[in-house]
Chemist: 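Here's a structure for you.
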2 protein chains.
Amino acid sequence: MYQNLKEVLSSFGYEEYAGPFLEPFELLASKSSEEIVNEQLYHFEDKGGRRVAIRPEMTPTLARMVAARLPELSRPIRWFSIPTCMRYERPQRGRLREFDQLNVDVFGGNELEEDVEILLVAVSLLEKFQAKRDSFTVHVNDRRLLDAFILKSLEVPEEGSKGICRLIDKREKISQAEFRAQGASLGLSEEKISLLERYLSSELKDQHELVDAPEVVDGLIARFETLRKVTDANIVFSPALARGFDYYTGMVFEVFDNHPDNNRAMFGGGRYDNLVSAFRKDKMSGLGFGMGDVALQNFVESHGLVPELKKEIDVWISFQEQGEYLDACLLAQKLRSLGLSVETNLRPQKLGKSLEVGSKKGASAAIFFNSEGRAKGEFEVKFLATGVQETGSQSALEELVSKIKETR
Amino acid sequence: MYQNLKEVLSSFGYEEYAGPFLEPFELLASKSSEEIVNEQLYHFEDKGGRRVAIRPEMTPTLARMVAARLPELSRPIRWFSIPTCMRYERPQRGRLREFDQLNVDVFGGNELEEDVEILLVAVSLLEKFQAKRDSFTVHVNDRRLLDAFILKSLEVPEEGSKGICRLIDKREKISQAEFRAQGASLGLSEEKISLLERYLSSELKDQHELVDAPEVVDGLIARFETLRKVTDANIVFSPALARGFDYYTGMVFEVFDNHPDNNRAMFGGGRYDNLVSAFRKDKMSGLGFGMGDVALQNFVESHGLVPELKKEIDVWISFQEQGEYLDACLLAQKLRSLGLSVETNLRPQKLGKSLEVGSKKGASAAIFFNSEGRAKGEFEVKFLATGVQETGSQSALEELVSKIKETR
């Protein structure tokens, strides 16, 4: 799993970083969301009387590390990490208390180019697992569009904005009548409720008529135009998308798993204004996303995309008598030095039984000895997929190695 | 660093496992040493009222996991992990509170073969970093030899054994007179103290005369005979070696870093009788070792063996005008699909400045556009190591990719 992720990220030039598992409580309290800090944080006092917490996410650590190294890093900065994190939540499908979360972030470029790249990366990660086009959908919005609509078009003051966001979030789950009733109880007029319905059902190009945020709409149009030329993934405009965290300030996105068993946001992210504000005066805006291991695992399992495990070993060397052990051990070392992975049994074992073990361990070939051959530096090689058996020799190891590598 | 370790372990057929970072306090209390549990454990009550602890080592987790899967695992079982662990200690050279520790364990074979293999693995790990023969020494003993000597030859009852072990441990650091005085205060006669001195200075073959443990001595002799034929690493008999943990029951070893700055045991391990005793009736003896990241880091740094970082990326694509961005993005995607790692700048940038960034990022080649070429699907390729520049074309990407791969 992680190998696939790392290969994609490395193909985009992202550099892996690592941070500490325990952080000062204050760092997390100042940078994480209230819900996480108040309800989900594992925190305690260490033996030195310091209040520490197990990281519930990587962003505060990332912010601190980027801030510390900012002057020396060449732009754009592309970083990723796959930290283990913990949150005290009720374990449920898609979420465990201890989880690994891929974090991908980019800083130091223009908004358009960064936004396009991070979506391309997100899509490429899933495509690396051979995900089909209709297996996931990327929903994209811009927080500035939603905010401007609420503030300017609905004329709801800032303190009412959260209530409207919660209503928008519920729209799919309740009836239209209920939606309109709840809108009214938030103080929206009939007319404004209709406007809200239009906003939620309008295409991107029509938003110019509904929201006074021409640059934001044009920016999103430009992103979609570029994306359509570089990927055929299913990327759609979703005016309802807000993303929970307060710190998003521009484009936001969520990738939905379209499998009926997992019908939910698999992962998402967005743009933030100044990641390092707590640590430096320099501004550093950028964007990123976090992808949990369990959501990805559910996705690949449900869609039948679990990567085949690589064959474990090339050669299983089996000895039947104690006297053959040294030869087995020496031959194993030679084959390892020629680039093969080799296991031996570690006690004399009957041949038939031992060949079974070799097969179970996924070896391409099994090697064993017979007494006449052994004196001449010879041994038997059995290719386990075909059953073909031949005599090998110490003097022709390299040819044997090439042959075995071909069966990988 | 870890890539090197993983490659060696995979060449020996060891399989990677992972376990949880938090474990129930009771599991660690029952399986870890007293010193760790009483003084070094990070433990606290979680929100559900359970006492949990951050793992200070991997062995208790390993024991639980092996026990759970024992019936289905084919022998020999070869497992490794590189968990992050925490111990509350005073940070010092070679030790930090949060550390990664490679754990390697083998079970299910004969003692001799297992012991030889685990020493071979330990040695191969360091050799993978090109460690020279005289840069480290492997000290080997058998707990049963030391125990038999103390019990039968010195005639010290079991409860006095720890005191003798502590005295033995100090011998190099105190004068002979002091050593003899402390021996006397532990109740040893003049004669027994002389016997102890002979034990500590005798070669392995002479131990038959000093200790009544013929099978143990012959077993060690057999291990050394085999090892001498399969490795030229510096592996020596060390009758003083005990290793702290109570659970070792057979061969024990420590690998010493011979660099004057690090003159200490870098890592070590040994044989244990029944790893899974807390979880299953089946016996499962085996052996293993743990190697901390910092000790390894100090070793490779002191000996000038820090692995050269792999070149970060193959290609740096640079665009100078906004209009070139889409072409840059498309070309990057094509080159990635052909197996290259490619970064682009994310805002228009002057060529000279951008080529500097590409160099700093370790790219083999930089690609940029000029306006006439771009219309024909052409671009400029500059090989950054040689400064050679040529014109590339969309229609000849595969040849370009081969050329760039050759410069890796």
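The structure displayed is predicted, hence computed values, not measured ones.
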Chemist: Under 4.5 Å heavy-atom distance to chain A, tell me which part of Phe21(B) shows up: side chain, backbone, both or neither.
Modeler: both

Chemist: Pick from Ser124(A), Gly13(A), Ser11(A), Gly109(A): which one has the most heavy-atom pairs with chain B under 4.5 Å?
Modeler: Ser11(A)

Chemist: Any Lys/Arg nitrogen of Glu343(A) or Arg78(B) sitting under 4.0 Å from an Asp/Glu carboxylate oxygen of the other?
Modeler: yes

Chemist: Given 3.5 Å as the limit, does a donor-acceptor pair link the side chain of Lys47(B) with the main chain of Leu41(A), or not?
Modeler: yes

Chemist: Output the residues of residues 1-9 of chain A for which the shortest heavy-atom distance to chain B is under 4.5 Å, in residue-number order; output 'none' if no such residue exists.
Modeler: none

Chemist: Is chain B contacted by the side chain of Phe107(A), its backbone, both, or neither, given a heavy-atom distance below 4.5 Å?
Modeler: neither

Chemist: Measure Glu114(A) against the heavy atoms of chain B and call it side chain, backbone, both or neither at under 4.5 Å.
Modeler: both

Chemist: Using heavy-atom distances under 4.5 Å, tell me whether Glu39(A) contacts chain B through its side chain, its backbone, both, or neither.
Modeler: backbone

Chemist: Please identify, among Val357(A), Leu340(A), Leu120(A), Thr84(A), the residue contributing the most non-hydrogen atom pairs under 4.5 Å to chain B.
Modeler: Leu120(A)

Chemist: Looking only at non-hydrogen atoms, find the nearest pair between Leu326(A) and Lys229(B) and report the distance.
Modeler: CD2-CD, 3.3 Å

Chemist: Below 4.5 Å from any heavy atom of chain B, which atoms of Val106(A) appear? Answer side chain, backbone, both or neither.
Modeler: side chain

Chemist: Surrounding NZ of Lys353(A) (heavy atoms of other residues, nucleotides or ligands, distance under 6.0 Å), is the total greater than 12?
Modeler: no

Chemist: Among Tyr14(A), Phe44(A), Tyr42(A), which residue forms the greatest number of heavy-atom pairs with chain B at distances under 4.5 Å?
Modeler: Phe44(A)

Chemist: Give the minimum heavy-atom separation between Ser10(B) and Ser341(A), together with the two atoms involved.
Modeler: O-CB, 3.1 Å

Chemist: For Leu330(A), is it the side chain, the backbone, both or neither that has a heavy atom under 4.5 Å from a heavy atom of chain B?
Modeler: both

Chemist: Do you know which of Arg50(B), Glu45(B), His43(B) has the most heavy-atom pairs under 4.5 Å to chain A?
Modeler: Arg50(B)

Chemist: Identify the two heavy atoms, one from Glu98(A) and one from Gly19(B), that lie closest to each other, and give their separation to 0.1 Å.
Modeler: OE2-O, 4.1 Å

Chemist: Where do Pro76(A) and Asn345(B) come nearest, in terms of heavy atoms and distance?
Modeler: CD-CA, 4.1 Å

Chemist: Contact between Glu113(B) and Thr344(A) at the side-chain level, heavy atoms closer than 4.5 Å - yes or no?
Modeler: no

Chemist: Is Tyr88(B) in contact with chain A via its backbone, its side chain, both, or neither, using a 4.5 Å heavy-atom distance?
Modeler: side chain

Chemist: With sequence neighbours excluded, what pairs up with Ser81(B) under the side-chain contact (heavy atoms from CB on, under 4.5 Å) test?
Modeler: Tyr17(B), Met58(B), Pro83(B)

Chemist: Heavy-atom distance under 4.5 Å to chain A: side chain of Leu22(B), backbone, both or neither?
Modeler: both

Chemist: Which heavy atom of Lys361(A) sits nearest to which heavy atom of Ser74(B), and what is that distance?
Modeler: NZ-O, 3.8 Å

Chemist: With a 4.5 angstrom heavy-atom cut-off, which part of Thr231(B) approaches chain A: side chain, backbone, both or neither?
Modeler: neither

Chemist: For each of Leu346(A), Val116(A), Thr226(A), tally heavy-atom pairs with chain B at distances under 4.5 Å, and name the one with the top tally.
Modeler: Leu346(A)

Chemist: Need one label for Phe12(A): side chain, backbone, both or neither, based on atoms under 4.5 Å from any heavy atom in chain B.
Modeler: both

Chemist: For Ile317(A), which atoms come within 4.5 Å of any heavy atom of chain B: side chain, backbone, both, or neither?
Modeler: neither

